[in-house]
Amino acid sequence: MIKTLDQLFKPDRLVTRDIERTHFKSNLISLYFVRELSLREAALGALLGRILTFSSAEYPNLKAISDQEDDLYGVVVYFDLDKYRDQLVLEYKMIYPKYQLLPIEKDLTDQAIEFYHSLLTRPLLVDGLFDQEIFQMEKDNLMEELASIQKDPEAYTYRQCNQAHFASSNLGIYKYSDIATVRQISNQELVAYYHDLFDSLVFRYRHGDFLHHSGGVGLRPASLPKLDKLMQKTHLEEERKLNQSVLVQAYQTDIEHTQPDSQAAMLFSAILGSYSNSVLFRTIREQLGYCYSIYTKYDKYRNVMFISVAYQESNHEALVSKIDQLVKQIQAGQIDEDDFAVAKLETIQGLKSLADRQETMLDYEFIQDLFGKTDSIEDRVRQLEQLTLTDITRAAGSFELMTSYHLKGTR
Amino acid sequence: MKRIYSQQLNEEYYVQDLASGFQVILYPKAERYNKGAFLSVGYGSLDQEFIDDNGTVHHTPPGTAHFLEHKLFENSSSDILEELGRLGANVNAFTAYDNTCYDFTAPDNFEPSLELLLQLPFRREYTQSGVELERDIISREIDIYLDSVDYRSYRNGLTALYPHHPMGQDIAGSHESIKQIDKRTLDLVMDNFYVPENMFLFLIGDFQPQELDQIVKSLPPFYHEYRPKARVMIESDPSIPTSDSLIEFDDTPIPSFDYLLKLEPLDDPEEAFQRMIKYNLILDVLFGKGSDFFQANYTAGVLSDLDVEYHYGQGYCYISFSAEGKKPEQFKLNLEKLLAGFHETGVSMEEVDRIKRKTMGRFLMGFNSIHNIAQTYIAFHYLKAHLFDYLETVNSIVLDDFQNLFQGANVFSIVREETL
C-alpha cells in the first residue's frame, strides 16, 4: 500500500524515511508538503485541509468520514500547517492502532492506509470543482476561526507582534493566513492548488513497526535566504476591555540556525525564560508577583526570541523596566552558574524526551532533513554539554529588542 | 506486592499497600526515556467543609486546595521546584475537583528527584509572607480565566446550576475568596488531608518490578505512620436555576455558549461509573463529529465547534454541551428538540458498536504516553474504577432503555456581542 502512496509524487521530489520503534501501540504516517510561505499559500493550504477531511468521493460527508475512522478502531486523520523560516509545510497525518494488539481477527492496516490515501487523492469534485456548498461553508468557517483568535488575548498579542516584527517579509504570516486573503480564494483557484500540491517537495515518513529506511534524503527546498536585519524599532499599543494587559516583545539576533552559536542562543532563551524556574519566572512572578506566567520562545529559523507576559496594567512600567534589566544583566555576563547548569540540563532532557512521543520524533526528523542537518539527538546533547558561560554571554549580546505589542487591559 | 495484568492490552502494574494506608503503584513501561512520579492526594477543590477526627466541623474558603498546591513548593532555603529543576526534572502540579497531584518526569536523576517530591507533604515550610505574595500570583491566574470568553460562558452556567454546591465555584476560587486564605488555613487542610491514608504514589517508566520493594523501603517514615483523615461533607444540590438563560455581553467576534443539563448523582461508585460509560456512548453517537446533529448544525452555520462531556463526582452530575458559533438560540432549540424526542428514537446498536470500536482503539493508543496512563489511572482511582477493566466494561454495556436520560434542570449560558 505504501508504494501506491509514494507513486503519487515525483521520484526526484520525494524524501522517504521509516523510523523503527516497536514499543508503541500505534503506527504513525505523515506526509509533509513543502511550499513557499505566502499569505495566499497559507490560505489555500488551510482551506484545502479542511475540505479534504470534510468530504471525499467515497466518503461524501463528515459523518461518512467519521464513521470510517470509528470502524477502523479510532484512526485519526488530520491536516495541519506549520511554518519553518520561509517555508510553509502542509502536514497530512494518520495515527492508527496496531491491529494485532486488538481482539479482532483481521489486520486492518491496509484498509487504514487506503482510507488515508483516498481522502487525499479522491476528493469530492463536481464538474471539476469542489462541491460549492462545502467550499463556501469551509471558507466561512476558516474565516470564523481566524476571527476567533481575538478570544485568546495572549495568542492574539503574539500574532500581532509576529506580524509587526516581520512586516517587511512573509515570515510573520499566520499559518492559516488572514481573513482578507481567505475571502478572495475561488473554488477554481483551490482546485488548481490541490493538483499542484502533488508536484511539491514531499517528505513521506513513518514511525512504528517499520524497518529503518531512508530514501531521497538530501533534497531541499530552493529558498532559504539569509534574513535581513531590522533597522527600525516598533512599539504598538491597543486597548481592549480586559482584566489584564498582555505584552509580547520580539528580540532579533543575527545568529543563523546553521551557526554553532545557535545552540548558545537557545540556552540564553532557556536561562531567561523557557524553563520552569527561569530568571524571568523567578523574578517577575515569584519575587514580584506581577504575573501568573512569563516565558520566552526562541525561533532559531527566524532569528527571533519572543517574551510573552500577562499582567495588571498598573505594573506596566515596572514590568518593562525589570525585563529590560534582567536581559541586560545576562548580556553583561551576569549569569548564575546554577541557572546555566539547570537550563542546560532541562534543554538536554527536553531533547531526549522527544523520542517518547511518535509525533514529536517524526517532526524532529523532518525538520532535520528539511534543513539538511545530520546531527542526531546525541550529537546535539554533546554540543550543548560543551557550551560555556562565555558562549552564552556572546550569544545573548546579539539579541536586541525591536518590536513590542502591548494589549492594554482597561477593565 | 500485587500484580495487575491485562492480557488484552499486554500491560501490567504492581501495587504495594502500606499499613498506614499509603499505596505505591509501579507501572513498568519499557523503552521510554522518561520516568514519571505522580504523588496524588485525595483532596480537591470541592472539599471545602469537613469534620476532623475530633468531630470539629471546618469551613474553608473556595480555592484553598489550589492555593495549597501553589504554596507547597515553598521552602525556607530554596524552593523545591528549583531543587527539582536543578536535577533536570520537569515538574508539574494540578488541582482537580476531587484530588491534587504533584508530579515530575525525568530521563535522569530519578531517585533524588523522587526524594524531593516525597518531602512535599511534610516539609511544610510555607510562610505567611509567602502566602501573601502567592495571592497576587493566583489573582493574575484568575484574571486569565476571566479574560476568556469560553471560560466565562461555562462558569456562569455552572454557577447558576450549582448555587449550593462547591461545583458552583471555580477551582482557583475568586479574588474575594482567596483573601480569606492564610497560613492557618493551609495548615488545617494539611493536617486533615495530606495524610498517608489519603495519598498514593504512581511511578511509571522503564522500571523492573522488583524495584518496587526498594522504593517502598526507602520511603520517608512519614508514609509509614497512620494519621486519621477528615471526612468531607458535600451535599447534593437539587435546586433549579432561577433563570434558564444567561447572557453576558462582551466584545467577542463569535459567541460562546454552554447548555448544561443537571442529572441526579448516584451514590454507588460502580453504578455511577457504568452510567458514565453508557452516557458517553450515547453522547458520542448523538453529538460526535459523525453525528447527524453535529453535521446538520455545522452545515447550517449554527455552530463551528461542539464539545459534549458527561461529568460526575460527589454530589453532582451534569452534561455540558459547549459550543461556539453564530446562532446560539437556534442551537438551543435544535438541542432541546433532539433531547425531548430521544426516548422514542434512542440509538441503534450498530452506531453504538461503532463507537465501541473507536473507544477500543483510542484506549489502546492512550497507552503510548506515560502521562496519559498516569492521568487516567489517577482519575479512575477517584471514581473507584480500575484501569484495565475499562474496555471490558465498555463492551458489556447494553443499551436498551432510553427513558428519562435527558430530563433535569438546565441552564443556557451565552457570551456574545451586545449588537447581535
Side-chain angles (χ1 to χ4, degrees), chain A residues 21 23-26 61-63 65-67 69-75 95-98 101-103 133 137 140-141 144-145 147-148 150-153 240-244 275-277 282 285-286 289-292 310-312 338 341-342 345-346 348-350 352-353 355-358 409, chain B residues 8-10 30-34 79 81-82 85-91 105-108 133-134 136-138 140-141 143-144 146-150 250-254 256 288-292 294-295 298-299 301 304 324 326 354-355 357-362 364-370:
Chain A
R21 289 283 185 279
H23 54 280
F24 286 89
K25 305 281 186 192
S26 54
N61 52 45
L62 195 55
K63 178 167 174 51
I65 290 178
S66 176
D67 284 355
E69 286 177 340
D70 296 349
D71 282 336
L72 290 167
Y73 290 81
V75 302
I95 185 157
Y96 57 97
K98 289 186 181 170
L101 299 177
L102 290 170
E133 251 182 60
M137 178 182 69
D140 290 345
N141 282 330
E144 202 170 294
E145 186 180 335
S148 270
Q150 204 184 317
K151 282 181 161 183
D152 180 343
R240 281 255 298 273
K241 275 188 263 170
L242 295 168
N243 292 290
Q244 295 203 99
Y275 71 99
S276 56
N277 205 39
R282 213 168 51 230
R285 173 184 143 136
E286 296 290 289
Y290 285 169
C291 63
Y292 173 65
Y311 56 97
Q312 274 199 319
D338 247 11
V342 173
L345 189 56
E346 291 231 1
I348 288 170
Q349 308 284 48
K352 287 182 178 175
S353 300
D356 275 357
R357 289 190 61 222
Q358 291 188 296
Chain B
Q8 184 173 357
L9 296 161
N10 193 24
E31 296 188 56
R32 293 293 190 280
Y33 278 100
N34 276 293
D79 194 307
L81 194 67
E82 279 180 52
R86 276 191 210 109
L87 294 166
N90 187 0
V91 191
T105 52
D108 304 306
L133 180 64
E134 202 65 35
D136 288 340
I137 296 169
I138 295 173
R140 301 291 73 76
E141 185 179 356
D143 280 340
I144 290 175
L146 294 176
D147 282 338
S148 161
V149 171
D150 293 349
D250 198 359
D251 180 19
T252 176
I254 311 291
S256 291
K289 289 279 189 278
S291 66
D292 292 335
F294 182 81
Q295 181 152 311
Y298 183 85
T299 50
S304 51
E324 182 180 72
K326 286 181 184 153
R354 180 175 287 136
I355 300 301
R357 284 194 282 278
K358 172 172 81 172
T359 305
M360 203 182 288
R362 295 268 170 94
L364 173 76
M365 292 193 282
F367 284 85
N368 279 343
S369 154
I370 61 172

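Throughout, a chain's letter reflects where its sequence line sits, starting with A, and its residues are numbered from 1.
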What is the minimum heavy-atom distance between [X] and [Y], and which atoms define it?
| X | Y | result |
| --- | --- | --- |
| A/Ser148 | B/Ile254 | OG-CG1, 3.5 Å |
| B/Met365 | A/Ser26 | SD-CB, 3.6 Å |
| B/Asp292 | A/Lys63 | OD1-CD, 3.3 Å |
| B/Pro107 | A/Ser353 | CG-OG, 4.2 Å |

Heavy-atom distances under 4.5 Å only: say whether [X] touches chain B with side chain, backbone, both or neither.
| X | result |
| --- | --- |
| A/Tyr275 | neither |
| A/Glu286 | both |
| A/Asn141 | side chain |
| A/Arg357 | neither |
| A/Ala147 | both |
| A/Arg21 | neither |
| A/Asp70 | both |

Taking the basic N atoms (NZ, or NE/NH1/NH2) and the acidic carboxylate oxygens, is any pair closer than 4.0 Å for B/Lys326 and A/Glu144?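 A salt bridge is present here (some side-chain N lies under 4.0 Å from a carboxylate O).
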
Would you compute the distance between atom [atom1] of [X] and atom [atom2] of [Y] and round it to the nearest 0.5 angstrom?
| X | Y | atom1 | atom2 | result |
| --- | --- | --- | --- | --- |
| A/Leu72 | B/Lys358 | CG | NZ | 13.0 Å |
| A/Lys241 | B/Asp250 | NZ | CG | 7.0 Å |
| A/Asn277 | B/Arg86 | CG | CZ | 8.0 Å |
| B/Asp143 | A/Cys291 | CG | SG | 12.0 Å |

Does atom OH (B/Tyr33) have a neighbourhood of more than 12 heavy atoms from anything else shown, all under 6.0 Å?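 Open.
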
Please tell me if the side chains of [X] and [Y] come closer than 4.5 Å, counting only heavy atoms from C-beta onward.
| X | Y | result |
| --- | --- | --- |
| B/Asn90 | A/Gln349 | no |
| B/Met360 | A/Pro103 | yes |
| B/Glu324 | A/Lys151 | yes |
| B/Arg354 | A/Asp71 | yes |
| A/Gln312 | B/Arg140 | yes |
| A/Gln244 | B/Leu146 | no |

For [X] and [Y], indicate whether the former's side chain and the latter's backbone hold a donor-acceptor pair under 3.5 Å.
| X | Y | answer |
| --- | --- | --- |
| B/Glu31 | A/His23 | no |
| B/Asp147 | A/Asn243 | yes |
| A/Asp356 | B/Asn34 | yes |
| A/Lys98 | B/Leu364 | no |

Who wins among B/Val149, B/Leu133, B/Asp136 for the most heavy-atom pairs under 4.5 Å with chain A?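 The residue among B/Val149, B/Leu133, B/Asp136 with the greatest pair count is B/Leu133.
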
Between B/Ser369, B/Ser256, B/Ser291, B/Gly301, the one whose heavy-atom pairs under 4.5 Å with chain A are most numerous: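 Ranked by contacts with chain A, first place is B/Ser256.
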
With respect to chain B, which residue among A/Leu101, A/Leu102, A/Asp152 yields the maximal number of heavy-atom pairs within a distance under 4.5 Å?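 It is A/Leu102.
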
Selection from A/Lys352, A/Gln358, A/Gln150, A/Glu133 maximising heavy-atom pairs under 4.5 Å formed with chain B: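 When all of A/Lys352, A/Gln358, A/Gln150, A/Glu133 are compared, A/Lys352 has the most.
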
List for me each residue that meets ring-ring contact (aromatic ring centres under 6.0 Å, His included) alongside A/Tyr292, sequence neighbours excluded, and say none if there are none.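 Counting only residues at least two positions away or on another chain, A/Tyr292 forms no ring-ring contact (aromatic ring centres under 6.0 Å, His included).
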
Relative to chain A, which segment of [X] carries a heavy atom at a distance below 4.5 Å: side chain, backbone, both, or neither?
| X | result |
| --- | --- |
| B/Ile138 | neither |
| B/Thr299 | both |
| B/Phe294 | side chain |
| B/Gln295 | side chain |
| B/Asp108 | both |

A cation-pi test, strictly: NZ or CZ of B/Arg32 under 6.0 Å from the centre of the six-membered ring of A/Phe24 and no more than 45 degrees from its axis. Yes or no?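 Yes - B/Arg32 lies over the ring of A/Phe24, closer than 6.0 Å to its centre and within 45° of its axis.
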
